[in-house]
There are 2 protein chains.
Amino acid sequence: MIPIPILIIDDHPLVAGGIAMMLRDVTWLQVACACTNAADALNFLNDNTVDIILLDISLPDTDGLTLCAQIRRMHKAVKIIGLTSINEAGIISQFLAHGGNGYLLKDMGREELLEAIDAVMDNKVFLSKGANQKLLEQFCSTGDALKNAPVLTRREKEILLLLHEGLNGPQIAEKLFLSSYTIETHRKNLMQKLNVSSTQLLLKKAKECRMI
Amino acid sequence: MIPIPILIIDDHPLVAGGIAMMLRDVTWLQVACACTNAADALNFLNDNTVDIILLDISLPDTDGLTLCAQIRRMHKAVKIIGLTSINEAGIISQFLAHGGNGYLLKDMGREELLEAIDAVMDNKVFLSKGANQKLLEQFCSTGDALKNAPVLTRREKEILLLLHEGLNGPQIAEKLFLSSYTIETHRKNLMQKLNVSSTQLLLKKAKECRMI
DNA sequence: ACATAACTACCTGCTTTCAGGTATTTTTTA
DNA sequence: TAAAAAATACCTGAAAGCAGGTAGTTATGT
């Protein structure tokens, strides 16, 4: 049985060494190469195929996110697992948005590394427990956040959703069989309730208050 | 040791019965009550305190999401776990946004229920494996999505981010020490690249393409 | 039945956006 | 070094948005 080839991209050789050590008993995985910079990695990938890439997102010569997107564009099927000390929701979501399939923190153990590899090979997204928690926390609202959000009327909610869909005033008026003046009044009331002075800020604030 | 009181809100008594059966050996948990509708649940909560609520989001008299937000406003510390057959990213994220702490699918087993209760009692967000996967999938981009996104110049990216922050043309011009005409040209070019005809649609499309 | 809230519509004046271009300068690439 | 790309700036005209209100009708709540 041919072992699954893995590429490690990390500017610290000790990291690659540590991972190789973790995987030395795993007969179905093989570290095909370890690169310490983006250029070497891209060169390697030009002539070689791997199934999995462990990618440090803090590289010296290239932004790891950009490299991730670059690799993803060229190799649609390769699984890319981010490797980092950064446990921030913004970076995690950006990494996935740039084509990543998984995200591990550098304090991971062997078990978690293998679990991640299993999951992405099974076409699943894998985040380490800490990263997963960080990402999920973004979705949550506290009682205070919900309490402070102003109450919108039925029509205001409707207008807000249509604005969020990208319709402008006249288009909303046409869709709801109302006057443009009416839409403008609702919009004005919405802007007053959320204490903003433009439609863009209205939508931004509404998102923050979880109204859309 | 006082067992943790749980409230079950589900319009099917069989569900509450099944959960009670799952938890019958768990001495540190106690089903305090099972309600079949929102009104009964709110009445119960007026006179009683529970630590955990298992909430079916498809209730007959009230939208489960609205009920969740309502309970959250009144009881900041209670842990609310959604209970549903719906495994859709939109509903999951809305449930969390309305104050939920966890989300279980109705095909869950006893182990997963206990794991969820442990996690939320530990102030963590818990999603069942299936729900978690559904939510994470939203963050990911394929090679095609990345390939098809138009390439933006340095200034275009900068303008886009500032528009996303809610600034209008003149404000961006002032911030970047450029002419308003220049900003409008960049905006026009952005709109052309993303094939839209308003700033709102530009921001919407940019989000879909993971540019912001 | 009355008061209140929500919804509807209107209007002026000003600002901003959008669409349609043109054109010069600077930076980058080959 | 020259070509190409990016950045900058300009301009008109029309449409939309925003701020400032006023005001009548309908639905809801007490």
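Proteins come first, then strands; the chains are lettered A, B, ... in the order of their sequence lines, and each starts at number 1. Computed from heavy atoms alone, side chains included, the values below leave out hydrogens, waters and symmetry copies. In this text, all values refer to a predicted model and were calculated from it rather than measured experimentally.
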- [ ] Could you tell me the separation between the CZ atom of A:R187 and the C1' atom of C:dT8, rounded to a whole number of Å?
- [x] 16 Å

Task: Phosphate-side-chain proximity, A:S197 and D:dC18, N/O vs OP1/OP2 below 4.0 Å - done: no

Open item on the list: I'd like to know if A:E184 and A:K188 make a salt bridge, using a cut-off of under 4.0 Å between side-chain N and carboxylate O.
Closed with: no

- [ ] Mind calculating the distance between OH (A:Y181) and P (C:dA6) to the nearest angstrom?
- [x] 25 Å

TODO: Report yes or no: does B:N37 contribute a side-chain atom to a donor-acceptor pair with the main-chain N or O of B:D40 at less than 3.5 Å?
DONE: yes

TODO: Answer with base, sugar-phosphate or nothing: what part of the nucleic acid does A:T153 contact at a heavy-atom distance below 4.0 Å?
DONE: sugar-phosphate

- [ ] Provide, to the nearest angstrom, the distance between the CD atom belonging to A:E184 and the P atom belonging to C:dC10.
- [x] 13 Å

TODO: Measure the spacing between OG1 of B:T199 and CG of A:N168 and express it to the nearest 0.5 Å.
DONE: 11.5 Å

Task: Lys/Arg-Asp/Glu bridge criterion (N-O < 4.0 Å) met for A:K205, A:E208 - done: no

Open item on the list: Can you measure B:R155 atom CZ to D:dA5 atom C1' for me and round it to whole angstrom units?
Closed with: 16 Å

Open item on the list: Can you see if the side chain of B:S179 gets near the phosphate of D:dC10 - specifically, an N or O under 4.0 Å from OP1 or OP2?
Closed with: yes

Task: Nearest-Å distance for atom pair NE2/P, residues A:H186 and C:dA5 - done: 17 Å

Task: Between D:dG17 (C1') and B:Q200 (CD): distance, integer Å - done: 10 Å

Protein-nucleotides 20-24 of chain C N/O pairs under 3.5 Å:
from: C:dG20; atom 1: N7; to: B:K188; atom 2: NZ; distance (Å): 3.2
from: C:dG20; atom 1: O6; to: B:K188; atom 2: NZ; distance (Å): 2.9
from: C:dG21; atom 1: N7; to: B:K188; atom 2: NZ; distance (Å): 3.2
from: C:dG21; atom 1: O6; to: B:K188; atom 2: NZ; distance (Å): 3.1

- [ ] Provide, to the nearest angstrom, the distance between the CG atom belonging to B:L167 and the P atom belonging to C:dT17.
- [x] 10 Å

Open item on the list: Tell me whether A:E156 contacts the main-chain N or O of A:H186 through its side chain, where contact means a donor paired with an acceptor under 3.5 Å.
Closed with: no

- [ ] Would you give the length of the straight line joining atom CG of B:L55 to atom OG1 of B:T84, rounded to the nearest 0.5 angstrom?
- [x] 9.5 Å

- [ ] Using the side-chain contact (heavy atoms from CB on, under 4.5 Å) rule, pick out the option among A:D10, A:D11, A:I86 that qualifies with A:S58.
- [x] A:I86

Open item on the list: What is the distance, to the nearest angstrom, from the CD atom on A:Q192 to the C1' atom on D:dC18?
Closed with: 12 Å

